[in-house]
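As structure tokens, the structure follows; a few thoughts come after it.
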Amino acid sequence: MNKLLPTSTAGSLPKPSWLAQPETLWSPWKLQGEELIEGKQDALRVVLNDQQQAGIDIVSDGEQTRQHFVTTFIEHLSGVDFDKRETVKIRDRYDASVPTVVGAVSRQNPVFVEDAKFLRSQTDRPIKWALPGPMTMIDTLYDSHYKSREKLAWEFARILNQEARELEAAGVDIIQFDEPAFNVFFDEVNDWGIAALEKAAEGLKCETAVHICYGYGIKANTDWKKTLGAEWRQYEEVFPKLQKSIIDMISLECQHSRVPMDLIELLRGKKVMVGAIDVATDVIETPEEVAEILRKALRFVDADKLYPCTNCGMAPLSRRVARGKLNALSAGAYVVRRELSA
């Protein structure tokens, strides 16, 4: 888009209490059948209005149509048994009970396309839609069929590309692949993870993004961050190869993190979604705090390639706090936009 420093969110926004339990990640739906479809659409209208009222430039569904950012997509695929569960360590960080891959995975029907069409019908603003990335998908399953993380990732990449092409046809302007696993499995990322991501984005004419963060503000993630030392340099392992990839935009975490800002230089030439909102606290940033992060980032990314964003999703936060953070993001971007135009 032509606007300087266009704002967006990285992912989820809080769900209304009549749809799912507030301030709770991945809580079950409170509605069923046709009521659930209608409830999701009503929730989408609510979060769209929140984004537009706050002045967010690139809007999303806030993941109102998804219970979980990975497994809701996988639920629609064949070859995965959700009744046969195993315990695995998610991103080498915490144990979780996950479904099992029992056969060849395939996508029989579109997953989010109708939801994207509904969002497109509700707004004239550019829209972004998030999909799980191949590596993060395989890290959220137990595989008893392929017995190869790489083989399964390539199968998911093929399926994701099918979905992404239909989302593009439905009017989505930016397709974002969520790959928090890229901050953990560095050898695999560089050996085949980025190549699988490129396969998922193959042939798309809309813009593509990859979101790589340090996770939601849950205890397992905040405890992990405490072990990472004075500087978080994980991005240094994957940015050089991502800079050479076909992916248009890289989304990263900056606000209240220990990521050295100069690592953004490794992405020179790419568009960068700079996380200027901390999703691991209820404290609402001031516009000046947001602006300061953006000013620091501008030393390493050209202004026409800087996209102010959130660190990660805000589903665990209250709606009041999330709205406050959206307002702060928009106001902080306005401050720096005005400085640049002067």
- Message: Between Asp178 and Pro132 (side chain of the first, backbone of the second, donor and acceptor by atom type, cut-off under 3.5 Å), is there such a pair?
- Response: no
- Task: Test Phe182 against Gln234 for side-chain contact (heavy atoms from CB on, under 4.5 Å), laying out the working first.
- Result: CA-CA 9 Å; Phe182 274 21; Gln234 285 74 18; over 6 Å; no
- Salt-bridge present (Lys241, Asp191; N to O < 4.0 Å): no
- Please name the pair of heavy atoms, one in Ala164 and one in Ala200, separated by the smallest distance, quoted to 0.1 Å. CB-O, 4.1 Å
- Item | Leu263 side chain reached by Arg233 side chain, heavy atoms, under 4.5 Å | yes
- Counting only heavy atoms not in Glu288, do more than 12 sit closer than 6.0 Å to its CD atom? yes
- Taking all atoms of both residues into account, what is the closest heavy-atom pair of Ser257 and Trp232, and its distance? CB-CZ3, 3.3 Å
- Heavy-atom side-chain contact between Met261 and Arg299 under 4.5 Å: no
- Separation of Leu306 CG from Met273 CE (nearest 0.5 Å): 11.0 Å
- Exam field: side chain Lys270 to backbone Ser245, donor-acceptor pair closer than 3.5 Å: yes
- Item | Aromatic plane relationship, Trp129 with Phe112 - under 30° parallel, 30 to 60° tilted, over 60° perpendicular | tilted
- Query: Can you tell me how far CD of Gln108 sits from NE2 of His76, rounded to the nearest 0.5 angstrom?
  - Reply: 12.5 Å
- Heavy atoms, side chains only, cut-off 4.5 Å: are Asp115 and Gln41 in contact? no
- Query: For Arg268, does the CZ atom have more than 12 heavy-atom neighbours from other residues, nucleotides or ligands under 6.0 Å away?
  - Reply: yes
- Within the side chain of Glu179, is there an N or O that forms a donor-acceptor pair under 3.5 Å with the backbone of His211? no
- Item | Main-chain N/O of Pro287 paired with Tyr334 side-chain donor or acceptor, under 3.5 Å | no
- Message: Is a donor from one side chain sitting under 3.5 angstrom from an acceptor on the other, for Gln52 and Thr123?
- Response: yes
- May I ask you to decide if Asn327's main-chain N or O and Ser330's side chain share a donor-acceptor pair within less than 3.5 Å? no
- Atom pair CD1 (Ile159) and NZ (Lys199), whose distance is rounded to the nearest 0.5 Å: 12.0 Å
- Item | Pair Tyr214 and Tyr235, ring centroids less than 6.0 Å apart | yes
- Query: Are Leu77 and Leu167 joined in one hydrophobic group, where the rule is that I, L, V, M, F, W and Y side chains link up if heavy atoms are under 4.5 Å apart?
  - Reply: yes
- To the nearest 0.5 Å, tell me how far Leu329 CG sits from Ile284 CD1. 12.5 Å
- Just by modelled atom types, is the Val111 backbone N or O under 3.5 Å from a matching donor or acceptor in the Glu163 side chain? yes
- Taking the side chain as C-beta and beyond, is there a heavy-atom pair between Lys117 and Val113 under 4.5 Å? yes
- When clusters are formed by joining ILVMFWY residues with side-chain heavy atoms under 4.5 Å apart, either directly or through shared neighbours, do Phe186 and Leu252 land in the same one? yes
- List the atom of Glu253, the atom of Cys213, and the distance in Å for their closest heavy-atom pair. OE1-CB, 3.7 Å
- Query: Nearest 0.5 Å, what's the OH-CG distance between Tyr307 and Asp57?
  - Reply: 10.0 Å
- Query: Going by an N to O cut-off under 4.0 Å, is there a salt bridge joining Lys271 and Asp304?
  - Reply: no
- Item | Glu75, CD: over 12 other non-hydrogen atoms inside 6.0 angstrom | yes
- Query: Which pair of heavy atoms, one from Ser60 and one from Gly11, lies closest together, and at what distance?
  - Reply: OG-O, 4.1 Å
- Query: Is there a donor-acceptor pair closer than 3.5 Å between any side-chain N or O of Asp248 and the backbone N or O of Ala209?
  - Reply: no
- Query: So if you build clusters from Ile, Leu, Val, Met, Phe, Trp, Tyr with side-chain heavy-atom gaps below 4.5 Å, do Ile194 and Leu204 land together?
  - Reply: yes
- What are the two closest heavy atoms between Gly313 and Val279, and how far apart are they? O-CB, 3.4 Å
- Item | pair Thr136-Phe69: side-chain heavy atoms closer than 4.5 Å | yes
- Message: Please check this pair: side chain of Asn190 against backbone of Glu237, looking for a donor-acceptor N/O pair closer than 3.5 Å.
- Response: yes
- Query: Who passes side-chain contact (heavy atoms from CB on, under 4.5 Å) against Glu339, sequence neighbours left out?
  - Reply: Arg295, Val335, Val336
- How close do Pro110 and Arg107 get, heavy atom to heavy atom, and via which atoms? CA-NH2, 3.2 Å
- Asp173 versus Arg120: any side-chain heavy-atom pair under 4.5 Å? yes
- Message: Do Leu119 and Leu36 sit in one hydrophobic cluster, given that two such residues count as connected whenever their side-chain heavy atoms are within less than 4.5 Å of each other, even indirectly?
- Response: no
- Count the heavy atoms belonging to other residues, nucleotides or ligands that lie under 6.0 Å from CG of Asp124, then report whether that count exceeds 12. no
- Chi angles and distances behind the side-chain contact (heavy atoms from CB on, under 4.5 Å) call for Ile250, Gln243: CA-CA 9 Å; Ile250 317 298; Gln243 193 275 335; over 6 Å; no
- Query: So, Ser106 and Ser78: side-chain donor and acceptor under 3.5 Å apart, yes or no?
  - Reply: yes
- Passes side-chain contact (heavy atoms from CB on, under 4.5 Å), Glu236 versus Glu231? Steps please. CA-CA 11 Å; Glu236 196 169 30; Glu231 286 192 341; over 6 Å; no
- Query: How about Arg158 and Gln162: do any of their side-chain heavy atoms sit closer than 4.5 Å?
  - Reply: yes
- Message: For Lys325 and Leu317: C-alpha separation, side-chain torsions, deciding distance, then whether side-chain contact (heavy atoms from CB on, under 4.5 Å) applies.
- Response: CA-CA 10 Å; Lys325 287 176 176 285; Leu317 304 179; 3.9 Å; yes
- Message: Is there a side-chain contact between Val272 and Val274 in this structure, where contact means two heavy atoms from C-beta onward sitting under 4.5 Å apart?
- Response: yes
- Query: Mind checking whether Val102 and Ile138 sit in one hydrophobic cluster, side chains of I, L, V, M, F, W, Y counted as touching below 4.5 Å?
  - Reply: no
- Residue among Asp61, Leu19, Leu13 satisfying side-chain contact (heavy atoms from CB on, under 4.5 Å) with Leu44: Asp61
- Task: Output the distance between atom CZ (Arg91) and atom CZ (Phe185), rounded to the nearest 0.5 Å.
- Result: 7.5 Å
- Answer yes or no: is there a donor N or O on one side and an acceptor on the other, between the side chain of Gln176 and the main chain of Ala10, under 3.5 Å? yes
- Query: Just wondering, are more than 12 heavy atoms of other shown residues or ligands nearer than 6.0 Å to NZ in Lys296?
  - Reply: no
- Query: If only atom types and distance count, is the side chain of Glu155 paired as donor or acceptor with the main-chain N or O of Ala104 below 3.5 Å?
  - Reply: no
- Is there a donor-acceptor contact under 3.5 Å linking the side chains of Asn161 and Arg165? yes
- More than 12 foreign heavy atoms under 6.0 Å from NZ of Lys89: is that the case here? yes
